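Have a look at the structure below, then the notes.
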Amino acid sequence: MVGSVDGTHGSSHSNGPVGCSNGAEERLDELRRLLGKSEDDLLKIVGVGAGAWGSVFAALLQDAYGQFREKVQIRIWRRAGRPVDRSTAEHLFEVINSREDVLRRLIRRCAYLKYVEARLGDRTLYADEILRDGFCLNMIDTPICPLKVVTNLQEAVWDADIVVNGLPSTETREVFGEISRYWKERIGAPIIISLAKGIEAALDPVPRIITPTQMINHATGVSIENILYVGGPNIASEIYNKEYANARICGAEKWRKPLAKFLRQPHFIVWDNSDLVTHEVMGGLKNVYAIGAGMIAALTNESATSKSVYFAHCTSEMIFITHLLAEDPEKLAGPLLADTYVTLLKGRNAWYGQMLAKGEISLDMGDSIKGKGTIQGVSAVHAFYELLSQPSLSVLDPEEQKPVAPVELCPIMKTLHKILIKRELPTNAILQALRDETMNDPRDRIELAQSHAFYRPSLLGHDR
C-alpha cells in the first residue's frame with residue numbers, strides 16, 4: 001500500500017520529556033479492555049485532518065499515551081503536497097530559534113538543516129513534512145510534539161479503532177464518503193470522535209439540518225451510538241501550552257463515559273453529556289456569531305459596552321434557534337456558554353470578522369485563509385439562513401401576530417447573511433443592526449422560544 005508514514009523518536013517533545021504517567025497507563029488499559037483488545041493487539045487511534053484543533057488533539061493523546069508503544073499507536077492523516085510558502089518558512093525559522101527545546105529537538109533528529117535551507121529559499125517545505133517535526137501549518141507559533149503522519153487515507157483508517165474527525169464540516173462528508181469504501185470489509189465498527197463545528201442545510205424533501213456527526217453516519221453507515229462530538233471553551237494553542245481548559249464529549253452513554261475518562265488530563269478536564277444535538281448546533285452557531293463579534297470589536301475600537309450588548313442579542317438568537325431543533329435543549333450555561341464566550345472573544349472566526357471590518361482582508365479571498373485554515377462561520381451563516389428562512393417552519397411573530405419565517409426574528413443572523421453571503425451591505429451594517437431602536441429586549445426572544453411549542457423534529461430528520 002502506497003503512503004507515507006513517519007514516527008516520533010524518543011519521548012521528548014516541545015514541552016519537555018514525558019514524566020510520570022499520572023494513571024495514564026491504567027486509563028489506557030481500561031479502554032483497551034472495553035474495546036476487547038488482546039495483549040499483543042495495538043489500540044489504533046488516528047486523527048483525520050490536521051488543522052489547529054485536530055493537530056493539538058492528536059498531540060495531547062501522543063503526549064499522554066505515546067510512551068506506551070506496545071499498547072497504542074497514535075497517528076494523524078493529512079493530504080500530502082501542500083507547500084509552505086517562503087514567508088511562512090521564514091517565520092517558522094524564527095519560532096524554532098526562539099525555542100531552545102525545539103531547536104535541540106530538531107538538531108537531535110537531524111532535521112534542523114532543512115529549515116535553514118527553507119529560510120534561505122533553497123528548499124520547499126511541505127505541510128505534512130513539518131507536522132512530523134511538530135509544526136501545524138495553521139498554528140506555526142505553537143510547536144507541538146512530533147507526530148506520526150500518514151498521507152494515504154486508506155492506510156490511515158482501514159483498521160483504526162478510534163477515528164478523530166479534525167476536518168472542517170465542509171470537508172467531512174466527502175472525506176468520510178471515501179473512508180466508507182475502505183470499511184466495507186470491516187467486521188466491527190470503529191468509534192468516531194468528531195471535533196467539527198458547522199452544519200449543512202438540506203431543503204428537500206423537507207427543510208432539515210445536517211450536523212457533522214450525521215454526515216459521518218450517513219456517509220459511513222456507522223451507528224450514531226459510535227459517533228461522538230467533543231467541544232468546549234478552548235483555543236487549541238492555549239490548550240497545548242497547558243492552560244487549564246475543559247470540554248464535553250457528547251453522545252451515547254456506552255462510549256462517552258469511558259472516553260471522557262480516557263481524554264481527561266490534569267490541565268484538560270473532559271466531562272460527558274448526552275445532548276449531542278444542542279452541543280453540535282451550538283458549535284456551528286457560535287462560529288456564525290463570532291464573525292459578527294469580531295466586526296463589532298473592530299468597528300467600536302474594542303468597546304466593552306458594545307461587545308456586551310452584542311453578546312446579549314446573539315446568545316438570545318442562539319437560544320431561540322436551538323429551541324427549534326431540540327425539544328428540551330441544554331441550557332446556554334456552563335461549558336456551552338463558556339465555549340460561545342471564548343469563540344466570540346478569541347478565535348479564527350472573530351479574527352476574520354475583525355480583519356473584514358478593518359479592511360485588511362476581503363470577502364473575495366474566500367473562507368480559507370493562510371495561517372488560519374477554514375473560517376467555518378461563513379458556510380454556517382449560509383446554512384442556518386437557508387434553513388431558517390423556509391416558510392414551512394413559520395412561527396408566530398408576537399408583535400405582528402402573523403406567521404413569519406424564524407430568521408425574521410433573528411436580526412443579527414439576517415444582517416450577517418446580507419454582509420457575508422449576499423454582499424449587499426458593508427461590515428458596519430452589523431453595528432447599525434445592533435443599534436436599531438426598534439430591537440426588542442433579548443429576553444423577549446428567549447421567553448418566546450421557551451413558552452411556545454417551537455420544536456420542529458423534522459429539522460433533524462425525525463418524526464414527532
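Small disclaimer: the values here were computed from a predicted structure and weren't measured.
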(request) Would you please test Val72 and Leu31 for side-chain contact (heavy atoms from CB on, under 4.5 Å) and show each step? (result) CA-CA 11 Å; Val72 65; Leu31 186 61; over 6 Å; no
(request) Apply the test side-chain contact (heavy atoms from CB on, under 4.5 Å) to residues Trp255 and Ile192: give CA-CA distance (whole Å), side-chain angles for both, the deciding distance (0.1 Å), then the verdict. (result) CA-CA 10 Å; Trp255 293 119; Ile192 302 171; over 6 Å; no
(request) Given side-chain hydrogen bond (donor to acceptor under 3.5 Å, both in side chains), test Asp63 with Tyr240 step by step and report yes or no. (result) CA-CA 10 Å; Asp63 284 344; Tyr240 196 73; 2.7 Å; yes
(message) Evaluate Asn234 against Val342 for side-chain contact (heavy atoms from CB on, under 4.5 Å), listing each step before the verdict.
(response) CA-CA 7 Å; Asn234 50 62; Val342 76; over 6 Å; no
(request) List the steps, then state whether side-chain contact (heavy atoms from CB on, under 4.5 Å) holds for Val270 with Val230. (result) CA-CA 9 Å; Val270 181; Val230 169; 5.7 Å; no
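Under a 3.5 Å cut-off, the side chain of Gln265 and the backbone N or O of Leu60 do form a donor-acceptor pair. The main-chain N or O of Glu386 is found under 3.5 Å from a side-chain atom of Gln390 such that the two form a donor-acceptor pair. A distance-only check finds a donor-acceptor pair linking the side chain of Gln214 to the backbone of Thr211 [under 3.5 Å]. The closest donor-acceptor contact from the side chain of Gln401 to the backbone of Pro398 lies under 3.5 Å. No donor-acceptor pair closer than 3.5 Å links the side chain of Gln62 to the backbone N or O of Cys145. The backbone N or O of Val157 lies less than 3.5 Å from a partner atom in the side chain of Trp183, making a donor-acceptor pair. Checking side-chain atoms of Asn273 against main-chain N and O of Asp275 turns up a donor-acceptor pair under 3.5 Å. Although no hydrogens or angles enter the test, the distance criterion places no donor-acceptor pair under 3.5 Å between the side chain of Ser55 and the main chain of Ala52. A donor-acceptor contact shorter than 3.5 Å links the side chain of Arg348 to the backbone of Thr374. At distances below 3.5 Å, not a single donor-acceptor pair connects side-chain atoms of Asp364 with backbone N or O atoms of Ser362.
Between Met413 and Leu285 the shortest side-chain heavy-atom distance falls below 4.5 Å. Side chains of Ile45 and Tyr65 form no contact here, defined as non-hydrogen atoms less than 4.5 Å apart. Leu137 places a side-chain heavy atom less than 4.5 Å from the side chain of Arg82. Two residues are said to be in side-chain contact when any heavy atoms from C-beta on lie closer than 4.5 Å; Asp339 and Arg248 fail this criterion. When side chains are defined from C-beta on, Pro258 does not count as touching Glu30, because their heavy atoms never get closer than 4.5 Å. Between Val222 and Pro190 there is a side-chain heavy-atom pair separated by less than 4.5 Å. For the pair Pro212/Tyr229, no side-chain contact is recorded, criterion being any heavy-atom separation below 4.5 Å from C-beta on. Looking only at side-chain heavy atoms (C-beta outward), Thr343 and Lys197 stay at 4.5 Å or farther from each other.
Residues Leu387 and Pro207 come closest through the heavy atom pair CD1-C, 3.9 Å. Taking both residues in full, the closest heavy atoms of Gly292 and Tyr310 are given as CA-OH, 3.2 Å, listed atom of the first, atom of the second, then distance. Ser169 and Ile199 make their closest contact through OG-N, 4.2 Å (heavy atoms, listed as atom of the first residue, atom of the second, distance). Considering all non-hydrogen atoms of both residues, Arg173 and Ala219 come closest at O-CB, 4.2 Å. Minimum heavy-atom separation, Ala189 to Asn226: O-ND2, 3.7 Å. Listed here is the closest heavy atom pair of Trp271 and Arg264: CD1-NH2, 3.4 Å.
Residues satisfying the salt bridge (Lys or Arg N to Asp or Glu O under 4.0 Å) criterion with Arg443, sequence neighbours excluded, are Glu447. Legend: residues meeting salt bridge (Lys or Arg N to Asp or Glu O under 4.0 Å) with Glu302, ordered by chain and number and at least two apart, are Lys307. Under the side-chain hydrogen bond (donor to acceptor under 3.5 Å, both in side chains) criterion, Asn349 pairs with Asn287, sequence neighbours left out.
The existence of a salt bridge linking Arg32 and Asp161 is excluded, since no basic side-chain nitrogen approaches an acidic carboxylate oxygen closer than 4.0 Å. Between Asp128 and Arg78, no side-chain nitrogen of the basic residue sits less than 4.0 Å from a carboxylate oxygen of the acidic one, so the salt-bridge criterion is not met.
Within 6.0 Å of atom CD in Glu360, more than 12 heavy atoms from other residues, nucleotides or ligands are found, so the atom counts as buried in its surroundings. Residue-environment remark: CD (Glu174) stays at or below the threshold of 12 foreign heavy atoms within 6.0 Å. For Lys261, the NZ atom counts as loosely surrounded, since its 6.0 Å shell holds 12 or fewer non-hydrogen atoms of other residues, nucleotides or ligands. Heavy atoms of other residues, nucleotides or ligands lying less than 6.0 angstrom from CZ of Phe311 number more than 12.
Met139 CE to Trp53 CH2: the interatomic distance, rounded to the nearest 0.5 Å, is 10.0 Å. Here the CE atom belonging to Met318 is positioned 11.0 Å from the OG1 atom belonging to Thr278, to the nearest 0.5 angstrom. Distance check, rounded to the nearest 0.5 Å: OG1 of Thr213 to NE2 of His218 gives 9.0 Å. Atoms CD1 and CD, on Ile209 and Glu200 in that order, are 10.5 Å from each other to the nearest 0.5 Å. Rounded to the nearest 0.5 angstrom, Ser306 OG and Arg435 CZ are separated by 5.0 Å. Atom CZ of Arg445 is separated from atom CG of Leu409 by 7.0 Å, given to the nearest 0.5 angstrom.
Pairs of residues two or more places apart, or lying in two chains, that qualify as ring-ring contact (aromatic ring centres under 6.0 Å, His included) and include a residue from residues 372-408 are Tyr385-His417. Listed by first then second residue, pairs satisfying ring-ring contact (aromatic ring centres under 6.0 Å, His included) with a partner in residues 126-152 read Tyr115-Phe135, not counting sequence neighbours. Residue pairs that meet the side chain to side chain donor-acceptor pair (under 3.5 Å) test with at least one member in residues 136-147, sequence neighbours left out, are His91-Asp141.
Remark: the Thr88 side chain and the Asp85 side chain contain an N/O donor-acceptor pair separated by less than 3.5 Å. Using modelled atom types and a 3.5 Å distance limit, the side chains of Ser303 and Thr305 yield no donor-acceptor pair.
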